[in-house]
Asker: 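Before I ask anything, let me first share the structure, which is written out below as structure tokens.
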There are 2 protein chains.
Amino acid sequence: MTRVRISDVAAAAGVSTSTVSLVLNDRTSRISGETRERVREAAAAVGYTPNSIARGLRTQRTRTIGLVSDVIATTPFAGRMLAGAQDAAREHGHLLILVNTGADPAVEQEAIRALVDHQVDAMIYATMWHQVVETPEGLPDRTVFLDCRPADGTHPAVVPDEVAGGLAAVRELVGAGHERIAFVDIAEPNPPVASGLRHQAYLEVLAEAGITPDPAWHVHGEETTAASGRVAAERLLDLPPHRRPTAIFCFNDRMAAGAYVAVHHRGLDVPGDVSIVGYDDQQLVAGELDPPLTTVALPHYEMGRWATEVALGAREPPATPDQTYRMPCPIVRRDSVSSPPAAAANSSRRRA
Amino acid sequence: MTRVRISDVAAAAGVSTSTVSLVLNDRTSRISGETRERVREAAAAVGYTPNSIARGLRTQRTRTIGLVSDVIATTPFAGRMLAGAQDAAREHGHLLILVNTGADPAVEQEAIRALVDHQVDAMIYATMWHQVVETPEGLPDRTVFLDCRPADGTHPAVVPDEVAGGLAAVRELVGAGHERIAFVDIAEPNPPVASGLRHQAYLEVLAEAGITPDPAWHVHGEETTAASGRVAAERLLDLPPHRRPTAIFCFNDRMAAGAYVAVHHRGLDVPGDVSIVGYDDQQLVAGELDPPLTTVALPHYEMGRWATEVALGAREPPATPDQTYRMPCPIVRRDSVSSPPAAAANSSRRRA
DNA sequence: GTGTGGTGATAAATCGATTGATCAGGGAGA
DNA sequence: TCTCCCTGATCAATCGATTTATCACCACAC
């Protein structure tokens with residue numbers, strides 16, 4: 001059983017293929033109503049849908065969009081990014097072609113070439129952790145960077161607004177009355193872009209609250225794991241009582257989970273003795289901790305959507321020089337923040 | 001800057017487009033070595049790569065494969081499945097077109113039609129939880145089902161071998177000397193396919209070990225969450241000492257995490273007092289529990305690969321009537337299983 | 001009666017490759 | 001010398017749509 005072609009519709013309706021094409025594409029300026037009707041009925045009767053390949057060859061538009069990413073497997077966020085891109089693509093009548101390069105530059109080059117050969121209408125270049133990247137060779141003009149931005153600012157890009165997210169997170173702690181607030185960061189070498197930005201936000205909020213940060217409050221884990229977070233948090237809890245933080249802002253939720261372990265291990269309570277805020281709103285972590293973690297969500301789904309819509313021309317990138325949109329990161333309030341313990345609050349007030 | 005066409009190569013090499021095509025596709029039976037060389041050099045010099053759309057129209061093969069799935073976002077396993085499919089597709093020179101239907105049948109129909117219109121060479125129909133599904137309309141012959149199988153057995157399919165995985169899990173407990181082994185299951189209505197299969201495996205191992213299962217050992221959680229797992233596990237720990245299980249096989253890792261909480265809440269130890277085995281090997285759960293959880297891995301990456309290879313004809317489906325391959329689920333040994341506590345072991349021996 | 005203009009539809013070119021049919025030229029055999 | 005065959009390459013059809021240019025027909029005005 002072979003595919004139904006436009007000539008089959010033409011034969012069934014007793015007209016030429018030109019007429020069928022004009023009718024079905026609504027270029028009906030010079031086709032009579034009666035003929036239109038007949039063509040539509042014939043098309044429905046034989047179950048005709050146009051062959052996208054043939055159409056693409058003629059029109060030079062394939063209604064596909066290519067998405068190149070470094071790793072789709074190893075992060076739980078990738079799915080949301082893909083889902084956003086995919087939903088937006090579908091809403092605009094496009095299909096999403098996905099290539100996962102495994103961060104291998106040779107594979108990446110090959111992938112870009114293959115997608116260009118397939119005449120994708122637009123391209124998205126995505127990484128799974130916010131970073132600044134060199135622009136690969138061969139990308140079409142209609143390329144948007146997703147969760148990364150090109151060093152040379154040649155293409156539109158969307159990344160999380162880490163600073164605004166960090167501000168919201170730390171203000172949440174200041175707003176609850178904390179004054180001794182620590183930041184569990186991620187160590188050198190090659191800290192993620194987000195590390196510097198979130199730290200910057202941390203310092204900014206302390207400054208606006210008139211708090212002089214104790215350098216001992218800025219600790220580092222080796223990796224972004226719970227185990228590393230625990231080790232780093234323990235260094236905070238080892239501080240003498242009057243310097244020990246009553247609140248901890250953690251680089252991410254996994255490290256926050258480690259901080260929980262450290263706190264509980266001392267027989268202390270979250271949030272009664274130590275309030276904790278994370279970052280990422282990572283499923284299966286933030287929500288399942290006890291108590292559930294207050295954190296800042298990374299808007300992966302929305303970023304995926306934004307990138308796709310800009311790539312398809314359905315939305316304008318920001319008119320700034322770097323064409324980079326910083327997507328807001330909403331704070332997710334759960335139960336890991338409360339006011340500081342009375343003794344600490346007193347000691348703070350004494351110091352103030 | 002317009003694309004380089006085959007005619008540009010032909011002009012550069014001073015030959016016809018036919019000759020260029022024959023040379024570049026290695027149909028060189030009647031082309032002299034010297035001409036071949038000249039064409040290859042010209043093609044490289046002008047940077048020619050064939051337009052896949054035009055080629056696809058002529059050859060009726062697009063070197064694309066469509067993957068339709070219900071939800072790619074909400075499960076952490078989806079990424080591994082996609083990665084397996086994507087890697088296999090790339091190795092066979094194919095691109096992967098992804099459509100996420102959100103489990104909406106109308107969207108699904110639309111997606112299948114769009115992929116067929118784009119002349120995909122093969123299709124994969126995937127779900128994110130092992131299930132038996134009705135075969136949707138309009139799927140091409142070269143369709144493979146992934147993590148689900150068609151009720152009518154008309155297409156090849158790959159699913160996890162839940163029974164073999166369950167056997168391995170429970171044998172791990174029997175092998176450690178346990179005799180009072182419980183199964184934390186998931187409740188009606190509509191339990192997943194895996195539930196029945198894993199329970200079947202549980203009963204089978206107990207039977208082969210000569211253990212008569214106490215019906216009280218089979219408990220159910222409302223959902224597959226940690227909270228439900230905890231509630232179900234508490235019912236086990238409430239049993240009188242001589243009936244209380246020394247080991248628990250949990251339907252999945254999240255419920256196992258709940259079982260940990262229940263055990264710890266009684267001041268008991270994992271695995272000292274209660275050994276626990278999960279299922280899924282879910283990242284960020286199994287490995288991060290304290291102690292790390294012994295569990296059974298779902299081979300999502302391998303299933304994604306298998307489905308793609310079969311769809312592309314690079315591998316044969318099983319010759320069984322249902323054409324369904326049950327992929328082995330390897331056991332992942334961590335630290336949540338030990339021999340039962342001495343008192344329990346003694347009591348067991350007395351009973352034996 | 002002949003041009004003129006408008007209407008409704010079609011013929012044919014086109015997108016860029018692949019491929020079966022064809023052709024030019026040279027050497028071998030009759 | 002003429003035919004036949006082989007080699008090396010090209011011609012032209014083809015895939016299935018879209019779109020521009022063209023055509024047939026009729027009504028109307030002059």
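All chains are named by letter (A, B, ...) in the order of the sequence lines, taking the proteins before the strands, and each is independently numbered beginning at 1.
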Asker: Between dA17(D), dA17(C), dG8(D), which nucleotide has the shortest distance from any of its atoms to the side chain of Ile6(A)?
Answerer: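 The answer is dA17(D), which lies nearest to the side chain.
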Asker: Any side-chain N or O of Arg55(B) less than 4.0 Å from the OP1 or OP2 oxygen of dT18(C)?
Answerer: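 Yes.
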Asker: Can you confirm whether more than 12 heavy atoms, excluding those of Asp152(B), are under 6.0 Å from its CG atom?
Answerer: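 For Asp152(B), atom CG is crowded (more than 12 foreign heavy atoms under 6.0 Å).
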Asker: Examine dA17(C): is either OP1 or OP2 under 4.0 Å from a nitrogen or oxygen in the side chain of Tyr48(B)? Give yes or no.
Answerer: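 Indeed, a polar side-chain atom of Tyr48(B) lies that close.
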Asker: Return the value, rounded to whole Å, for the distance between atom CG of Asn25(A) and atom P of dT19(D).
Answerer: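 Distance check: Asn25(A) CG to dT19(D) P gives 7 Å.
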Asker: Could you state the atom-to-atom distance from CG of Leu22(B) to C1' of dA9(D) in whole Å?
Answerer: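 In whole Å, dA9(D) C1' lies 9 Å from Leu22(B) CG.
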Asker: Nearest-Å distance, CG (Asp26(B)) to P (dT18(C))?
Answerer: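 For the pair Asp26(B) CG and dT18(C) P, the rounded distance is 12 Å.
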Asker: At less than 4.0 Å, is any side-chain N or O atom of Ser21(A) found next to OP1 or OP2 of dT19(D)? Yes or no.
Answerer: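 Checking Ser21(A) against dT19(D): no side-chain N or O falls below 4.0 Å of OP1 or OP2.
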Asker: Across the strands shown, which category fits Thr35(B) at heavy-atom distances under 4.0 angstrom: base, sugar-phosphate, nothing?
Answerer: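 Sugar-phosphate, backbone atoms only, no base.
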Asker: Does a side-chain N or O of Arg27(A) approach OP1 or OP2 of dT19(D) to a distance below 4.0 Å, or not?
Answerer: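 Answer is yes, contact under 4.0 Å.
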Asker: Pick the closest DNA chain C nucleotide for Arg30(B) and for Arg38(A) by heavy atoms, then say which residue is nearer the 5' end.
Answerer: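 The answer here is Arg38(A).
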Asker: Once you round it to whole Å, what is the distance between C1' of dG16(C) and CG of Asp117(A)?
Answerer: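 These atoms are roughly 12 Å apart.
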Asker: State plainly whether the residues Arg40(A) and Glu37(A) are in salt-bridge range, i.e. N to O under 4.0 Å.
Answerer: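 Looking at Glu37(A) together with Arg40(A), the answer is no, because their closest N to O distance does not fall below 4.0 Å.
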Asker: Pairs under 3.5 angstrom, nitrogen or oxygen only, protein versus nucleotides 12-15 of chain C, please.
Answerer:
unit_1  : atom_1 : unit_2   : atom_2 : d
dA12(C) : N6     : Ser18(A) : OG     : 3.3
dT14(C) : O2     : Arg58(A) : NH1    : 2.8
dC15(C) : O3'    : Gln60(A) : NE2    : 3.2
dC15(C) : O2     : Arg58(A) : N      : 3.3

Asker: Whole-Å distance between dT18(C) P and Arg63(B) CZ?
Answerer: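 Interatomic distance, CZ of Arg63(B) to P of dT18(C): 11 Å.
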Asker: Please report the distance, rounded to the nearest Å, between CG in Asp8(B) and C1' in dA17(C).
Answerer: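 From Asp8(B) CG to dA17(C) C1': 13 Å.
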Asker: Given dA17(C), dT10(C), dA9(D), which nucleotide is nearest the side-chain atoms of Thr19(A)?
Answerer: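 Minimum distance to the Thr19(A) side chain belongs to dT10(C).
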Asker: In plain terms, say whether Asp8(A) and Arg3(A) are close enough for a salt bridge, that is, a side-chain N and a carboxylate O under 4.0 Å apart.
Answerer: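 Between Arg3(A) and Asp8(A) there is no salt bridge, as every charged N stays at least 4.0 Å from the carboxylate O atoms.
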Asker: Is it true that Arg305(A) and Glu302(A) have a side-chain N and a carboxylate O under 4.0 angstrom from each other?
Answerer: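 Result for this pair is no, no salt bridge flagged.
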Asker: Write down the atom of Leu139(B), the atom of Pro136(B), and the distance for their closest heavy-atom approach.
Answerer: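 For Leu139(B) versus Pro136(B), the nearest heavy atoms are CD1-CD, 3.6 Å.
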Asker: Tell me the interatomic distance from Arg61(A), atom CZ, to dA17(D), atom C1', rounded to whole angstroms.
Answerer: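 Going from Arg61(A) (CZ) to dA17(D) (C1'), I get 15 Å.
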Asker: Could you walk me through whether Ser21(B) and Ser18(B) satisfy the side-chain hydrogen bond (donor to acceptor under 3.5 Å, both in side chains) test, starting with their C-alpha distance in whole Å, then the side-chain angles of each, then the deciding distance to 0.1 Å, before giving a yes or no?
Answerer: CA-CA 5 Å; Ser21(B) 175; Ser18(B) 315; over 6 Å; no
Asker: What's the CD1-P distance between Ile53(B) and dT18(C), to the nearest Å?
Answerer: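 After rounding, the reported distance stands at 13 Å.
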Asker: So how far is it from His300(A) NE2 to Leu146(A) CG, rounded to the nearest 0.5 Å?
Answerer: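 Output value for this atom pair is 8.0 Å.
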